[in-house]
Protein chains: 2
Amino acid sequence: MPRAATTTDVFNAIAEPRRRQIVDLLARHGALAVGTIVVALGLPQPAVSKHLGVLREVGIVTAAKDGRQRLYELQASQLKPVHDWVKAYERFWTQQLDRIKRRAERKAKERANNPDEKA
Amino acid sequence: MPRAATTTDVFNAIAEPRRRQIVDLLARHGALAVGTIVVALGLPQPAVSKHLGVLREVGIVTAAKDGRQRLYELQASQLKPVHDWVKAYERFWTQQLDRIKRRAERKAKERANNPDEKA
DNA sequence: GTATCATATTCCTATATGGGAATATGTCAA
DNA sequence: TTGACATATTCCCATATAGGAATATGATAC
């Protein structure tokens, strides 16, 4: 079996760096025309259209006609499954940071109590 | 250009549902032998070994020899980039939930004030 | 209608799968 | 050494790209 299609779920859709760039861009600027994205990312227009097609199929973006342009808007809520999954691991690095922080504070306190002691 | 390799970055590595299952399993149970994962997920052993190989290559897991077994341990901190990226979008659905909640509360208050009014 | 602008689609290609089967490697036990 | 056990690797295949080039579609202006 080959790899699952990028259009089957959000995890596959955002595995592509360019698609994440498009998402980021739409998050910063609201709805954008394809041409704007083309200019912003410096990619060929067909490439952008294809990536938008993938994002559209999984629901991460929606398109609205506007004259001869098409405005794409982010539907960020579709990213929630990714957030939910990875959030479960948040504690692993925040704990790590906490440990480092506490150790640093303890060391500082030791230094304060014993100013002449060597490391 | 084909799709990027699953070993190029964490986003690609976790795009595979089975690999996320393995990550979840290791998160719940600490270091596990390959055979344990095979039994837990009901996958063929070579499949599990291959997925572990991908996860190992991007650093999400590490392997330690233990007799004739190999114990795989999660390195959850490697998932931080994913969390960092998607966290930026958290506000989109929490805001949404806030709005829904506020609206529900407002409606409830209205009903309390006008018990006989129709919807 | 015709030319033009904006976007989507099609066709092609090289490549990266993920699964299954078979096999290789490595380790321990007798 | 030999055999059993645990895991990794190799080979093969069907499928899904992502990019480039060319073209199709759709809307607007003239």
Side-chain angles (χ1 to χ4, degrees), chain A residues 1-23 25-26 29 31-74, chain B residues 1-23 25-26 29 31-74:
Chain A
M1 206 187 293
R3 206 192 313 192
T6 54
T7 51
T8 50
D9 72 350
V10 183
F11 285 90
N12 268 297
I14 64 163
E16 235 287 328
R18 265 72 182 260
R19 286 197 283 268
R20 290 200 299 279
Q21 283 185 18
I22 291 178
V23 169
L25 195 64
L26 291 176
H29 295 102
L32 292 180
V34 178
T36 311
I37 300 173
V38 167
V39 172
L41 300 190
L43 297 175
Q45 174 265 316
V48 171
S49 280
K50 284 183 221 170
H51 284 313
L52 285 170
V54 171
L55 294 174
R56 188 162 15 100
E57 211 161 339
V58 295
I60 296 181
V61 303
T62 50
K65 289 190 182 178
D66 176 42
R68 66 181 92 175
Q69 305 190 119
R70 212 158 292 195
L71 297 180
Y72 279 86
E73 185 177 6
L74 182 62
Chain B
M1 207 188 290
R3 206 194 309 196
T6 55
T7 52
T8 50
D9 71 353
V10 182
F11 285 90
N12 269 297
I14 65 163
E16 236 287 328
R18 267 71 183 261
R19 286 197 284 267
R20 290 199 298 279
Q21 282 184 21
I22 292 178
V23 169
L25 196 64
L26 292 177
H29 296 101
L32 291 179
V34 178
T36 310
I37 301 174
V38 167
V39 172
L41 300 189
L43 295 176
Q45 174 265 316
V48 171
S49 280
K50 283 182 221 169
H51 284 313
L52 285 170
V54 171
L55 294 174
R56 189 164 13 102
E57 210 162 338
V58 295
I60 296 181
V61 303
T62 50
K65 289 190 182 178
D66 175 43
R68 65 180 93 178
Q69 306 193 117
R70 212 159 292 195
L71 297 181
Y72 279 86
E73 184 176 6
L74 182 62

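Within every chain, numbering begins at 1; the chains are lettered A, B, ... in the order of the sequence lines, protein sequences first and strands thereafter. Here the structure is a predicted model, which is why all the values come from computation and not from measurement.
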Tell me the interatomic distance from [X], atom [atom1], to [N], atom [atom2], rounded to whole angstroms.
X       : N      : atom1 : atom2 : answer
A:Gln21 : D:dA18 : CD    : P     : 14 Å
B:Leu43 : D:dA6  : CG    : C1'   : 17 Å
B:Arg56 : D:dT7  : CZ    : C1'   : 10 Å
A:Arg19 : D:dG19 : CZ    : P     : 8 Å

task: Flag the pair A:Leu74 / A:Ile60 as yes when at least one side-chain heavy-atom distance between them is below 4.5 Å, and no otherwise.
output: yes
Rounded distance [0.5 Å steps], [atom1] in [X] versus [atom2] in [Y]:
X       : Y       : atom1 : atom2 : value
B:Ile37 : B:Gln45 : CD1   : CD    : 11.0 Å
B:Leu32 : B:Ile22 : CG    : CD1   : 10.5 Å
B:Ile14 : A:Asn12 : CD1   : CG    : 10.0 Å
A:Thr62 : A:Leu52 : OG1   : CG    : 11.0 Å
B:Thr36 : B:Leu41 : OG1   : CG    : 10.5 Å

Identify, residue by residue, the members of [range] with a heavy atom below 4.0 Å from DNA chain D, and return them in order of residue number, or none.
range                     : result
residues 2-17 of chain B  : B:Pro2, B:Arg3
residues 45-54 of chain B : B:Gln45, B:Pro46, B:Ser49, B:Lys50
residues 60-73 of chain B : B:Arg68, B:Gln69, B:Arg70, B:Tyr72

- request: Identify the two heavy atoms, one from A:Tyr72 and one from A:Ala63, that lie closest to each other, and give their separation to 0.1 Å.
  value: CE2-CB, 3.6 Å
query: Between B:Ala31 and B:Leu71, what is the shortest heavy-atom contact and its length?
result: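 Distance-wise, the nearest heavy atoms are CB-CB, 4.4 Å.
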- prompt: Does anything in residues 33-57 of chain B pair up under salt bridge (charged side-chain N to carboxylate O under 4.0 Å, His left out), and if so which pairs, sequence neighbours excluded?
  reply: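 For residues 33-57 of chain B, and leaving out neighbouring residues, there are no salt bridge (charged side-chain N to carboxylate O under 4.0 Å, His left out) pairs at all.
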- prompt: Can you list every salt bridge (charged side-chain N to carboxylate O under 4.0 Å, His left out) pair that touches residues 2-19 of chain A, not counting sequence neighbours?
  reply: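 Listed once each, the pairs are A:Asp9-B:Arg20.
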query: Where along residues 35-42 of chain B does a heavy atom come under 4.0 Å from DNA chain C, residue by residue in number order?
result: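 None, since no heavy atom is under 4.0 Å.
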